[in-house]
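This structure is a prediction, so every number in the text was calculated from the model and none was measured. Counting starts at 1 for both ligands and their atoms, following the listed order.
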Amino acid sequence: MKSLKKKAAAAVCKGIKSIMPEAAVTEEEIITYLAYPPDDGMGDLALPCFKFAKALRMPPPAIAAKLAESFECEGIEKAEPAGGYLNLKIDRAAFCKKIYVDITKSDKPYGASGAGEGKTVVLDYSSPNVAKPFHIGHLGTTVIGHSLKKMHEFAGYKCIGVNHLGDWGTQFGKLTVAYKKWGGKEAVEEKGIDELVALYVKFHEEAEKEPELNDEARAAFTALEHGDPEITALWRWFIDISIAEYKKTYKQLDIEFDYYTGESFYTDKMPAVVEELKEKNLLTLDDGASIVDLEAYGMPPCLILKRDGSTLYPTRDIAAAIYRKNTFDFDKCIYVTSAGQCLHFAQWFKVLELMGREWYKDLVHVPYGTVSLNGEKLATRTGNVVLLKDLFAEAIEKAAAIMAEKNPELAGREDVAESVGIGAVVFYYLSANRMRDINFVLEDALNFDGNTGPYAQYTYARTCQILNKAGDFEPTVFEPNEYEFALCKTLSLFPETFDEALASYEPSVITRYILRLCADFNRFYHDCPVLTADTEQLKNQRLALTASVNRVLANALELICVRHPEKI
Ligand code: ARG
């Protein structure tokens, strides 16, 4: 629809200039006014003419009438005035044919604008804290982050995915102390992360009774900072064990990172940052700690060094940003974290600005809301956590049970159950605007009859089944009925939907589009027999539409990291 809108806008612009040659109206502006009326009786595209009333000094109905008189545009069959609106009716046959050709006959995926060609984006996402549970609170950063990566790739950007692991800080002192006191090699080797988390939790319990443990932990972390070989080896081991486990979850989501450069990677890159801050007179001492005062910008100070000289989370982020700019020369660096970190990002973005790094403008923080499970808030402290891997395991199990019932004959049922179970979780998560707080109900996510991942996957599988049965076909003439045209219209909206999703860093725009496309397809399928259509021409036309839906659905599902098996 993007290209048709553009043509229609050019024709409108011409019409306006013929009414008043000097009218200050542009094609770009007109494109933004062209809207899709909610019901077809009002045309396929409507132009509200009151937008030009001032410039033309004419009442809107008169403008609409005047524009309709001389309107001429390839692809538009009719232009009719209706009150203050100019309603445009699309040449449906030509339109459907063009959609089919654009979607299936081009070497570029439909909707891939190439806007990012030659540009680089760094995406910092997932980034769990080693030794703390990887729980469903991390689902957001992981799937939103990866979806944004896919979206940028689709737009032609070169993308670099970075897992900024929380692998540095006092928690490692605690973990080392706990391991030495209560842990064992075998237990860690056998139970992996779960054992590390258990040790970490035990540390906190014991430290309640015996606060001196905190001093020991601090000392252990200082030893780590000074490169103590034994503690360093333990630390490395804890991280390797953790990464190995994260990778299992990432594999289920088809996520691969280009770098696992966690916070510790920037240890040797921070002194230069501190130096520069000093040189630029940005550091002030506050009760022994070094801070950048941000009062003038309505924010609390950004903490750079603790009283004991150790660095902090913001310090590492500043060093990491500078390193990434120098290394990758990014056009954009995107950070996906919970909305709880908004202030943190605003603060250190400001510090970079004050340091005179003009590219601070290319840093984008993408926040998201909280998640609860079956109405219960999750909290790490009280132990009320649900691990991501457990949630996935449960989803897969439930999906397998549903499929054993629905399609017991299906070959490779286990793999499909994994795709459906995980797809359901991801789809559900990415259905709502990212800032909305989400209440996760697994049964809802897995409802095959609801607006869910399984429903979308099922629709996709249906298109595959039809196309496989049909074999080769070549549509010639298109004579779309109402359902077919509605479907084409929705298909034609994919490119602009994608642009909107990308511009707003909002995968849910794509998720909602998928649901609309599935609904339109299923309505079409219900009313328009494909393989048993009355004529060969009709059959080919319907196969063409099915093939178009198949392509667009596959691409769209991929953009939101949901697998699309051919059979369910
Ligand atoms: N590890 C942090 C957490 O779990 C998220 C890190 C986000 N990335 C960053 N560059 N600060 O809260």
Side-chain angles (χ1 to χ4, degrees), residues 121-149 159-172 174-175 193 196-197 200 235 238-239 242-243 245-246 249-250 255 257-267 269-270 273 302-304 311-328 330 332-352 357 359-360 362-371 378-381 385-389 434 505:
V121 178
V122 174
L123 295 108
D124 172 322
Y125 64 103
S126 200
S127 313
N129 292 325
V130 174
K132 292 190 189 166
F134 192 23
H135 58 81
I136 73 167
H138 294 106
L139 188 58
T141 168
T142 308
V143 300
I144 295 170
H146 199 58
S147 175
L148 293 179
K149 181 164 182 244
C159 291
I160 296 165
V162 180
N163 199 324
H164 190 74
L165 287 179
D167 63 358
W168 203 241
T170 34
Q171 80 258 33
F172 286 96
K174 294 177 185 171
L175 192 59
I193 271 194
L196 297 183
V197 172
Y200 186 71
W235 165 78
F238 295 151
I239 291 170
S242 304
I243 293 183
E245 280 220 26
Y246 299 145
T249 302
Y250 294 144
I255 294 180
F257 284 96
D258 298 292
Y259 297 97
Y260 280 86
T261 36
E263 294 184 35
S264 67
F265 180 76
Y266 303 99
T267 316
K269 296 166 185 66
M270 281 182 290
V273 172
C302 184
L303 308 179
I304 301 295
T311 57
L312 286 134
Y313 185 43
T315 329
R316 297 192 272 277
D317 260 330
I318 295 169
I322 294 175
Y323 170 82
R324 289 172 191 169
K325 182 68 191 174
N326 291 340
T327 311
F328 306 117
F330 58 72
K332 238 180 347 181
C333 183
I334 296 170
Y335 300 83
V336 187
T337 77
S338 73
Q341 296 197 31
C342 283
L343 177 62
H344 161 74
F345 283 95
Q347 286 174 307
W348 73 260
F349 287 2
K350 192 57 161 184
V351 172
L352 273 172
R357 310 277 171 155
W359 49 265
Y360 81 90
D362 306 324
L363 304 173
V364 187
H365 178 224
V366 178
Y368 60 87
T370 61
V371 52
L378 302 160
T380 336
R381 292 231 178 80
V385 289
V386 176
L387 300 181
L388 209 46
K389 64 174 180 190
R434 61 182 156 75
Y505 303 98

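In this structure, Arg434 contributes its side chain and Ile144 its backbone to no donor-acceptor pair below 3.5 Å.
The cationic group of Lys269 lies under 6.0 Å from the six-membered ring centre of Phe265 and within 45° of the ring axis, placing it in a cation-pi geometry.
In this structure, Thr261 and Val162 have side chains that are in contact, with non-hydrogen atoms separated by less than 4.5 Å.
Within 4.0 Å of ligand 1, protein heavy atoms belong to Asp124, Ser127, Asn129, His164, Tyr313, Asp317, Tyr335, Thr337, Gln341, Phe345, listed by chain and number.
Every residue meeting the side-chain hydrogen bond (donor to acceptor under 3.5 Å, both in side chains) condition with Ser127, not counting sequence neighbours, appears here in chain and number order: Asp124.
Ring centroid separation for the pair Tyr259 and Phe328 comes in under the 6.0 Å cut-off.
The residue from Tyr125, Tyr368, Trp348 that alone fulfils the ring pair (Phe, Tyr, Trp, His ring centres under 6.0 Å) condition with Tyr335 is Trp348.
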